A.B. asks: 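Sharing a structure, written as structure tokens. Questions coming.
One-based numbering, in listed order, for ligands and for the atoms of each. Given the structure is predicted, the values throughout are model-derived calculations rather than measurements. Atoms considered below: every heavy atom in the structure, side chains included; atoms not considered: hydrogens, waters and symmetry mates.
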Amino acid sequence: MQVTLVILKPSAVQRGILGEIISRFEKKGIQIAGIKMMQLTDETLEAHYAHLTEKPFYSRIKNSMQASPVVVLALKGLDVVNVVRKLSGVTNGREAQPGTIRGDYSMSVQENIVHASDSPETAEAEIKRFFTEGEIFNYTPYLNPYLYANDEL
Ligand code: IDP
Ligand code: MG
């Protein structure tokens with residue numbers, strides 16, 4: 001089973017849609033293996049958005065991500081990295097498909113509600129960046145037989 005990182009950005013916290021977004025992951029059948037609220041530091045953000053720190057808009061993204069605490073989720077499931085990227089939709093909320101989180105809740109490139117890891121390798125590094133070992137919980141979902149076939153687990 002894979003674990004992926006989701007950040008519910010200040011745009012989700014301030015708009016009061018944390019529950020609705022988390023509910024989408026739960027209803028899909030994805031397990032919550034870790035969850036917490038935190039204020040992102042400059043250092044964490046620089047590592048997390050290393051591919052963007054040279055961009056002219058980086059300071060705007062940084063301010064946006066530090067505008068309030070965020071909620072971080074460690075989500076567990078089969079192929080969950082890809083599944084959660086698809087549920088999130090493309091970066092630009094105006095282009096994202098209706099039915100996706102960004103497609104349903106965002107009109108912006110920057111204020112796009114969620115971050116989701118983009119590959120299994122990134123997910124592993126990002127989970128380590130945002131969670132300690134003790135904050136990731138290993139428990140068997142009671143409904144597993146109704147979420148997956150035997151040969152999928
Ligand atoms: P992703 O979140 O869909 O993986 P990335 O290209 O990794 O997209 O960018 C990370 C985040 O930086 C985006 O989710 C968005 O909030 C912000 N961002 C990306 N490109 C732009 C831009 O051109 N203007 C403003 N913000 C941007
Ligand atoms: Mg990205």
A.B. asks: May I ask you to decide whether Arg24 forms a salt bridge with Asp104, counting only side-chain N to carboxylate O separations under 4.0 Å?
C.D. replies: yes
A.B. asks: Can you check whether Asn92's main-chain N or O pairs, donor with acceptor, with Arg102's side chain at less than 3.5 Å?
C.D. replies: no
A.B. asks: Regarding Asn112 and Ser108, is there a side-chain donor-to-acceptor distance under 3.5 Å anywhere?
C.D. replies: no
A.B. asks: Would you mind listing every ring pair (Phe, Tyr, Trp, His ring centres under 6.0 Å) that reaches into residues 54-85, with sequence neighbours excluded?
C.D. replies: none
A.B. asks: For Asp42 and Gln66, which I'm curious about, is there any donor-acceptor pair between the side chains at under 3.5 Å?
C.D. replies: yes
A.B. asks: Write down, by chain and number, every protein residue that brings a non-hydrogen atom to less than 4.0 Å from an atom of ligand 1.
C.D. replies: Lys9, Tyr49, His51, Leu52, Phe57, Ile61, Arg85, Thr91, Arg102, Val109, Gln110, Asn112
A.B. asks: Could you tell me whether Lys128 and Glu124 have a side-chain N and a carboxylate O separated by less than 4.0 Å?
C.D. replies: yes
